[in-house]
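From a predicted model like this one, the values you see are computed outputs, not experimental measurements.
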Amino acid sequence: MNFKRPRGTADILPDDQPYWGKVYNTARKVAHQFGYRRIDTPTFEDTNLFERGVGNETDIVQKEMYSFDDHGGDMITLRPEGTASVCRAYIENGMHNLPQPVRLFYAAAMFRYERPQAGRVRQFHQFGVEAIGDPSPEVDAEVIELGWKYIADLGIKDVTLRINSLGDAEGRADYINDLDKYFLGVVDQLPKVDQDRLKRAPLRVLDSKARETQALADAAPKSVDYITGEAKEHWEVLLVLLDNLKQAYPDFSYTVDHRLVRGLDYYNRTVFEFEPADAGSQGTLIAGGRYDPLMGILGGQETPGIGFAGGLERLIMELKKQELPVKASKGPDVVVVTLGDAGSAGSTLAAGLRAKDISTVLAPKRSMKAQMRYANSQNALNVVILGDREVENGVASVKSLGEGGAQSEVTLDAAAIAEHVRSTGNQ
RNA sequence: GUGGGCGUAGUGAAGAGGUUAUCACGCUAGGUUGUGGCCCUGGAGACGAGGGUUCAAUUCCCUCCGCUCACCCCA
């Protein structure tokens with residue numbers, strides 16, 4: 001019987017960890033720079049949370065959730081996204097009593113039952129931020145800036161930022177109505193996928209991948225022409241704020257894309273997406289938007305919110321594609337090589353070195369040559385050789401594995417050897 | 001759910017209807033007595049599964065399974 005990992009999951013092996021360290025560390029650092037504090041929510045939640053929060057009609061809820069009956073008879077779902085959980089936690093923990101807005105971030109695994117392909121797997125990881133409790137466009141600009149800086153700090157180049165406004169519920173009905181009318185007028189020019197889409201979700205025809213549709217979509221009614229009142233003012237201020245970002249970030253740029261829509265039901269007003277220039281078909285690195293209706297939908301007080309989620313697998317794919325350097329993982333400071341009867345002395349010495357905070361690995365009991373090769377393969381900085389000769393004389397031979405390979409004898413004492421290793425800079 | 005491509009050691013590749021299935025990297029053992037990297041020699045390790053065609057199938061055909069890319073959808 002051969003076990004295999006479940007479809008759409010990955011083993012993240014040691015050689016890949018430097019990439020993961022980079023996306024996590026950069027996320028933490030940037031989030032902190034913007035005053036966002038970490039939140040961790042459970043990996044699974046009440047199924048209803050996602051049905052209501054994400055939207056019953058969405059594909060995520062319709063066919064992509066990992067749901068199951070737990071032993072107590074409750075319906076449980078592995079989270080397919082992070083925002084609903086964070087909002088649940090906000091409500092449940094009474095965070096509306098904190099100074100607003102509350103700035104939160106998370107980095108965690110998400111689960112969706114989908115056919116895997118490039119840039120899409122069933123267990124994936126997202127870095128997400130949420131700013132809850134402030135309706136003003138300054139917060140929209142801040143979240144977008146955060147996404148921009150995250151990508152910039154990762155070193156990823158040639159990313160385009162697209163934004164759009166979906167407006168509020170009132171104007172949206174009119175807009176969708178007109179949009180529907182428009183596409184119906186040219187329905188015979190639409191490919192079949194988009195004819196079907198038009199029936200299901202007229203908005204989604206806008207971001208169709210079909211070339212024929214794209215030309216038609218460019219000429220379609222634009223949602224920004226339908227937004228009015230506060231939503232309109234919000235949008236106009238946001239554009240000014242974004243323009244002003246260029247003062248701090250000379251490279252900053254964005255394009256208003258009337259075809260940009262988002263798949264989740266809870267978005268309103270601002271939506272945005274970061275995408276690499278040479279995007280594959282599942283290339284979106286970060287996507288987000290404002291979700292003012294969500295808190296109410298989840299049964300809390302009406303509370304505005306905005307956030308984004310970034311796909312870590314996709315970010316890492318881009319790091320690799322652009323051949324950006326990551327820190328190689330370091331080898332141990334010391335590999336202890338033993339000969340003859342010195343085996344147990346080597347084990348004791350290794351423990352002594354670790355106790356002194358010297359990272360130390362015991363070479364496997366083989367020939368000396370094999371042990372030296374092993375030390376080299378581990379990228380060790382030093383080997384400490386313990387043979388009968390050394391034990392007799394109460395010393396250890398400490399050899400640097402660098403270019404020179406300097407070797408000296410040091411008193412057989414963990415503290416003394418630790419000191420020697422430290423002082424020669426080979427730590 | 002739909003469609004395309006692909007399944008040969010741990011990894012990446014080569015291969016032919018017919019003796020021991022090839023190569024590289026990796027792993028492992030050696031190459032002077034107690035010293036790594038480079039080099040040399042040896043060793044272990046593979047035809048996804050099941051049917052069919054054939055004297056003979058890892059090779060041809062079918063089914064299944066898996067991987068992969070794309071659609072759908074999305075981070």
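Taking the C1' atoms as reference points, B:rC65 lies 7 Å from B:rA49, given to the whole Å. Atom name C1', nucleotides B:rA16 and B:rC72: the rounded distance is 42 Å, in whole Å. For the C1' atom pair drawn from B:rA57 and B:rC39, the interatomic distance equals 42 Å after rounding to whole Å. Rounded to a whole angstrom, the distance from the C1' atom of B:rG52 to that of B:rG4 is 26 Å. Comparing B:rU28 with B:rG37, their P atoms are spaced 13 Å from each other, to the whole Å. To the nearest whole angstrom, the two P atoms, one in B:rC67 and one in B:rC27, are 28 Å apart. The same atom, C1', is picked in B:rC25 and in B:rU33; the two are 33 Å apart, to the nearest Å. For the C1' atoms, the distance from B:rC60 to B:rG45 is 29 Å, rounded to whole Å.
Across all strands shown, nothing is found opposite B:rU35 as a Watson-Crick or G-U wobble partner with both distances under 3.5 Å. With a 3.5 Å ceiling on both atom-pair distances, B:rA21 lacks any Watson-Crick or G-U wobble partner. Shown here, B:rG42 forms a base pair with B:rU28; the pair counts as Watson-Crick or G-U wobble because both key distances fall under 3.5 Å. Nucleotide B:rC71 has B:rG1 as its partner under the Watson-Crick or G-U criteria, with both atom distances under 3.5 Å. Under the Watson-Crick or G-U wobble criterion, with both distances below 3.5 Å, B:rC6 is paired with B:rG66. Pairing for B:rU54 is absent, with no Watson-Crick or G-U wobble pair whose two atom distances lie under 3.5 Å.
Only one option out of A:F111, A:Y113, A:F50 pairs with A:L78 in a side-chain contact (heavy atoms from CB on, under 4.5 Å); it is A:F111.
With A:R79 contributing its side chain and A:A109 its backbone, the two residues share a donor-acceptor pair below 3.5 Å. Not one N or O on the side chain of A:S347 forms a donor-acceptor pair closer than 3.5 Å with the backbone of A:S344. Checked by atom type and distance alone, the side chain of A:T9 never pairs as donor or acceptor with a backbone atom of A:R5 at under 3.5 Å. Without hydrogens or angle criteria, A:D46 side chain to A:N48 main chain gives a donor-acceptor distance under 3.5 Å.
Summarising the geometry, the separation between CG on A:L381 and P on B:rG37 is reported as 18 Å, rounded to the nearest angstrom. Summarising the geometry, the separation between CD on A:E409 and P on B:rU35 is reported as 15 Å, rounded to the nearest angstrom. If you take NZ of A:K399 and C1' of B:rG37, they are 10 Å apart, rounded to a whole angstrom. The interatomic distance linking A:I385 (CD1) with B:rG34 (P) rounds to 12 Å, in whole Å. Between the CG atom of A:D196 and the C1' atom of B:rG1 there is a distance of 14 Å, rounded to whole Å. Rounded to whole Å, atom P of B:rA75 lies 7 Å from atom CD of A:Q126. Rounding to whole angstrom units, CD1 of residue A:I151 and C1' of B:rA75 are separated by 11 Å. Rounded to a whole Å, the CE atom of A:M368 is 12 Å from the P atom of B:rG37.
With 3.5 Å as the limit, one finds no donor-acceptor pair spanning the side chains of A:N376 and A:R373. Side-chain contact of A:Q322 with A:K157: a donor-acceptor pair under 3.5 Å is absent, judged by distance alone. Residues A:Y36 and A:E142 bring a donor and an acceptor atom of their side chains to less than 3.5 Å of each other.
Partners of A:Y266 under the ring pair (Phe, Tyr, Trp, His ring centres under 6.0 Å) rule, at least two apart in sequence or in another chain, are A:Y291. With sequence neighbours excluded, the residues forming a side-chain contact (heavy atoms from CB on, under 4.5 Å) with A:P101 are A:R103, A:D134, listed by chain and number. For A:K365, there are no salt bridge (charged side-chain N to carboxylate O under 4.0 Å, His left out) partners two or more places apart in sequence or in a different chain. In this structure A:V61 satisfies the side-chain contact (heavy atoms from CB on, under 4.5 Å) test together with A:E51, A:V54, A:N56, A:T58, A:M65, sequence neighbours excluded. For A:K29, the salt bridge (charged side-chain N to carboxylate O under 4.0 Å, His left out) partners two or more places apart in sequence, or in a different chain, are A:D153.
Base contact: A:V121 has a heavy atom under 4.0 Å from a base atom. At a threshold of 4.0 angstrom between heavy atoms, the contacts of A:G402 include nucleobase atoms, whether or not backbone atoms are also involved. Note on A:E390: a base of the nucleic acid sits closer than 4.0 angstrom, heavy atoms only.
Residue whose closest nucleotide on RNA chain B sits further toward the 5' end, between A:Q407 and A:R112: A:Q407.
RNA chain B is contacted by A:A309, A:G311, A:R314 of residues 304-323 of chain A, taking any non-hydrogen atom closer than 4.0 Å. Taking every heavy atom of residues 152-165 of chain A and every atom of RNA chain B, no pair lies under 4.0 Å.
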Residues 211-220 of chain A side chain polar contacts: donor-acceptor under 3.5 Å, at least two apart:
residue	atom	partner	partner atom	Å
A:T213	OG1	A:D194	OD2	2.5
A:Q214	NE2	A:S208	O	3.2
A:Q214	NE2	A:K209	O	3.4

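Contact of A:N376 with B:rG37 (side chain to base): no donor-acceptor pair of N or O atoms is detected under 3.5 Å. With hydrogens and angles left out, the side chain of A:Q371 and the base of B:rU35 share no donor-acceptor pair within 3.5 Å. Side-chain atoms of A:Q378 stay outside donor-acceptor range of the base of B:rG36, with no qualifying N/O pair under 3.5 Å.
Taking the six-membered ring where tryptophan is involved, the planes of A:W148 and A:F274 are tilted, since the angle between them lies from 30° to 60°.
Outside the 6.0 Å centre-distance limit, the rings of A:Y106 and A:F127 are not counted as a close aromatic pair.
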Could you list all N or O pairs between the protein and nucleotides 41-48 of chain B that sit under 3.5 Å apart?
none

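Of the listed nucleotides (B:rG36, B:rA75, B:rG34), B:rG34 has the atom at the smallest distance from the side chain of A:L339.
Across all non-hydrogen atoms, the minimal contact from A:V86 to A:I39 is CG2-CG2, 4.2 Å.
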Which letter, B, S or -, goes with each nucleotide of nucleotides 25-33 of chain B from 5' to 3', with contact meaning a protein heavy atom under 4.0 Å? ---SSBB--

Whether each nucleotide of nucleotides 66-72 of chain B has a protein heavy atom under 4.0 Å at its base (B), only at its sugar-phosphate (S) or at neither (-) is summarised, 5' to 3', as SSBSBBB

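Look at A:R259 and A:D257 and you find no salt bridge, because none of the NZ, NE, NH1 or NH2 atoms lies under 4.0 Å from a carboxylate O.
Within the structure, the side chain to side chain donor-acceptor pair (under 3.5 Å) test picks out the following pairs touching residues 172-188 of chain A (sequence neighbours left out): A:D178-A:Y226.
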